[in-house]
Amino acid sequence: MAGLYIGSTTGYSGKNMIIMGLGLKLQKDGFNVGYMKPVGAMPMEVDGKLGDEDAVFVQDVLGIHEDPELVSPVVVTQDFKVKAFSNNMEGLLDKIVESYKTLSASRDVTLVAGSGSMYSGRYCNTDALSVIRQLGIKAIIIDRFQKELKYDYLMVMKEHLGDQLAGVILNDIPPHFMDEVDQLLGPALEAKGIKILGVIPHDPLMGAIKVADLADRLGGKIISAHNKAERVVETFLIGTMQVENFMTHFRKKKNSAIIVGGDRSDVQLVALEGDCPCLVLTGNLYPNDIILTRSEVLETPIIMVREDTFTVAKKMDDILSRHKLRDAIKIKQGAELVASHLDFQHIKKELGLK
């Protein structure tokens with residue numbers, strides 16, 4: 001009845017990807033895997049019971065079917081927050097412990113998913129540190145590269161958790177930062193007794209989003225080539241520069257949505273002819289008939305949005321860094337990334353699995 005908590009230094013760090021990759025690999029190795037997400041942050045009703053959307057999704061991928069109220073005994077709704085901030089809510093940790101005992105009783109190993117960062121839930125004593133200590137299980141902390149790694153945070157976590165910290169996973173590491181991880185940060189963390197269980201490289205597909213989903217998230221509408229709304233966007237480029245300069249940047253950025261003002265038909269035409277996955281036109285301005293016709297002929301969707309280019313670019317950056325892992329192809333890719341870059345032998349040793 002081993003247990004493993006998977007937490008992270010911040011939200012949207014790849015916890016679901018790691019948990020699904022770990023779970024699928026352990027199942028393949030013949031272990032009976034259980035799953036729990038003690039604190040649910042995305043309320044969802046399942047058969048009349050309150051559960052968590054992410055928990056339901058992960059269980060489905062792992063082929064696990066448990067009572068949603070056991071899997072996520074604490075679900076953060078608006079009503080819950082009002083009560084939690086108004087008075088001291090008692091017994092939440094006890095509720096989590098009881099659910100864990102029930103879910104883990106018949107399993108070889110139970111994966112316990114964190115929510116947000118390691119400190120999330122401190123206001124009601126359901127933060128990761130409290131849960132890990134109360135359950136008496138090992139923990140893995142994921143640190144996703146976002147301009148830098150949070151090595152100070154990881155060192156503090158080692159001080160707090162001691163031997164309960166099985167190790168850390170460095171996720172979404174870009175190629176240009178790999179040498180620093182291998183030669184400087186990695187050895188520094190290991191010297192502090194922090195085992196690096198895996199370094200997962202950046203994969204553009206993992207942050208990709210379908211054009212239809214992008215339009216929805218931006219609050220825009222697709223106005224052409226609707227039949228190609230399944231095309232995939234991996235990154236974006238802002239088309240505010242002169243056409244000559246834009247073309248130079250555009251050639252280097254494949255699968256990039258082009259964000260451009262609705263009145264910049266020169267840049268729009270270059271982007272269409274260069275086979276971008278979609279155009280995002282800002283300022284609530286319709287393109288001219290030539291652009292619309294080329295869009296249909298080349299089967300390149302156009303999304304029209306109300307906001308200005310700068311605002312849309314900020315939104316796009318947020319969407320692509322926080323997009324949920326939902327598509328089958330991304331789940332398969334994520335599982336393969338985890339399987340090929342994690343030290344499973346060490347993880348199994350930490351958990352006492354043979």
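Excluded from the calculations below are hydrogen atoms, water molecules and symmetry mates; all remaining heavy atoms, backbone and side chain alike, are included.
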Quick one: pull up OG in Ser340 and CD1 in Ile200 and give me the separation to the nearest 0.5 Å.
8.0 Å
Test item: Ile291 and Tyr286 side chains (from C-beta on) under 4.5 Å apart, heavy atoms:
no
Donor-acceptor contacts under 3.5 Å from residues 108-126 side chains, at least two apart:
unit_1, atom_1, unit_2, atom_2, d
Asp108, OD2, Asn32, N, 2.6
Ser117, OG, Tyr119, N, 3.2
Ser117, OG, Ser120, N, 3.4
Ser117, OG, Ser120, OG, 3.4
Ser120, OG, Ser117, N, 2.8
Arg122, NH1, Asn125, OD1, 2.9
Thr126, OG1, Gly121, O, 3.4

Using a 3.5 Å distance criterion without hydrogens, assess whether the side chain of Lys95 forms a donor-acceptor pair with backbone atoms of Pro73.
yes
Could you grab the distance from atom CG of Leu218 to atom CD of Glu307, nearest 0.5 Å is fine?
8.0 Å
Check whether more than 12 heavy atoms from other residues, nucleotides or ligands sit under 6.0 Å from atom CZ of Arg306, and answer yes or no.
no
Is the count of non-hydrogen atoms from other residues, nucleotides or ligands lying under 6.0 Å from Asn227 atom CG greater than 12?
yes
Note: Pro43 and Leu50 closest approach over all heavy atoms is CB-CD1, 4.1 Å
Any side-chain heavy atom of Lys348 sitting closer than 4.5 Å to one from Asp29?
yes
Please round to the nearest 0.5 Å and tell me the distance separating atom NZ of Lys158 and atom CG of Leu154.
11.5 Å
CA sep, side-chain torsions, deciding dist, call: Met36, Ile96, side chain to side chain contact (heavy atoms under 4.5 Å, CB included):
CA-CA 10 Å; Met36 174 182 192; Ile96 289 169; 3.9 Å; yes
Got a donor-acceptor contact below 3.5 angstrom from the Gln27 side chain to the Leu62 backbone?
yes
Quick check: is Val156 connected to Ile194 through a chain of hydrophobic side chains (ILVMFWY, heavy atoms under 4.5 Å apart)?
yes
Determine the minimum heavy-atom distance between Cys276 and Ile258, stating which atoms define it.
CB-CG1, 3.9 Å
Mind checking whether Gln333 and Asp203 have side chains closer than 4.5 Å, heavy atoms only?
yes
All heavy atoms of Val233 vs all of Ala257, minimum pair found to be CG1-CB, 3.7 Å
For residues Asp52 and Met42, report the shortest heavy-atom separation together with the two atoms involved.
OD1-N, 2.8 Å
Side-chain contact test, heavy atoms from C-beta onward, threshold under 4.5 Å: evaluate it for Leu22 versus Phe344 and give yes or no.
yes
State, yes or no, whether a side-chain contact exists between Val61 and Tyr35 at a heavy-atom distance under 4.5 Å.
no
Drop me the distance from Ser265's OG to Asp289's CG, to the nearest 0.5 angstrom.
11.5 Å
Going hydrophobic residue to hydrophobic residue with side-chain gaps under 4.5 angstrom, can you get from Val71 over to Val56?
no
Could you go through Asn284 and Met304, starting from their C-alpha distance and side-chain angles, then the distance that decides it, and tell me whether this counts as side chain to side chain contact (heavy atoms under 4.5 Å, CB included)?
CA-CA 6 Å; Asn284 208 31; Met304 192 173 76; 3.6 Å; yes
Measure from the side-chain N and O atoms of Ser104 to the backbone N and O of Arg107, and report whether any donor-acceptor pair falls under 3.5 Å.
no
Close side-chain approach of Ser295 and Leu279, heavy atoms under 4.5 Å
no
Do you reckon Val232 sits in the same ILVMFWY cluster as Met316, going by side-chain contacts under 4.5 Å, direct or chained?
no
Looking only at heavy atoms, what is the nearest atom pair of Ala208 and Glu234, with distance?
CB-CG, 4.0 Å
Hey, any chance Leu285 and Val260 share a hydrophobic cluster, counting ILVMFWY side chains that come within less than 4.5 Å of each other, even indirectly?
no
From Arg294, Lys228, Arg231, residue fulfilling salt bridge (charged side-chain N to carboxylate O under 4.0 Å, His left out) relative to Asp275:
Arg231
Hey, is the main chain of Glu296 close enough, under 3.5 Å, to the side chain of Ser224 for a donor-acceptor pair?
no
If you compare all heavy atoms of Ile142 against all heavy atoms of Lys15, which two are closest, and at what distance to 0.1 Å?
CD1-CA, 3.6 Å
From CA spacing to verdict: salt bridge (charged side-chain N to carboxylate O under 4.0 Å, His left out), Asp318, Lys314
CA-CA 6 Å; Asp318 189 54; Lys314 285 185 70 177; over 6 Å; no
Rounded to the nearest 0.5 Å, how far apart are CG of Leu353 and CZ of Phe31?
4.5 Å
Report the C-alpha distance between Cys278 and Leu214 in whole Å, list the side-chain angles of each, state the deciding distance to 0.1 Å, and finish with yes or no for side chain to side chain contact (heavy atoms under 4.5 Å, CB included).
CA-CA 10 Å; Cys278 77; Leu214 179 60; 4.3 Å; yes
Taking C-beta and beyond as the side chain, do Tyr12 and Thr10 meet within less than 4.5 Å on heavy atoms?
no
Let me check something: any side-chain donor-acceptor pairs from residues 161-186 under 3.5 Å, sequence neighbours excluded? List them with distances.
unit_1, atom_1, unit_2, atom_2, d
Gln164, NE2, Ile132, O, 3.2
Gln164, NE2, Ile137, O, 2.9
Asn171, ND2, Ser13, O, 2.8
Asp172, OD1, His202, ND1, 2.7
Asp172, OD2, Arg144, NE, 3.0
Asp172, OD2, Arg144, NH2, 3.2

How about Lys195: does its NZ atom have over 12 heavy atoms from other parts shown lying under 6.0 Å from it?
yes
Honestly curious: do Tyr100 and Leu70 fall in one hydrophobic cluster under the side-chain, below-4.5 Å linking rule?
yes
Do Asp67 and Thr102 pass the side chain to side chain contact (heavy atoms under 4.5 Å, CB included) test, and can you show the C-alpha distance, the side-chain angles, and the key distance before you say yes or no?
CA-CA 11 Å; Asp67 184 336; Thr102 302; over 6 Å; no
What's the separation between atom CG in Asp317 and atom NZ in Lys315, rounded to the nearest 0.5 Å?
13.5 Å
Ignoring hydrogens and angles, tell me if any N or O in the side chain of Asp143 forms a donor-acceptor pair with the backbone of Leu149 under 3.5 Å.
no
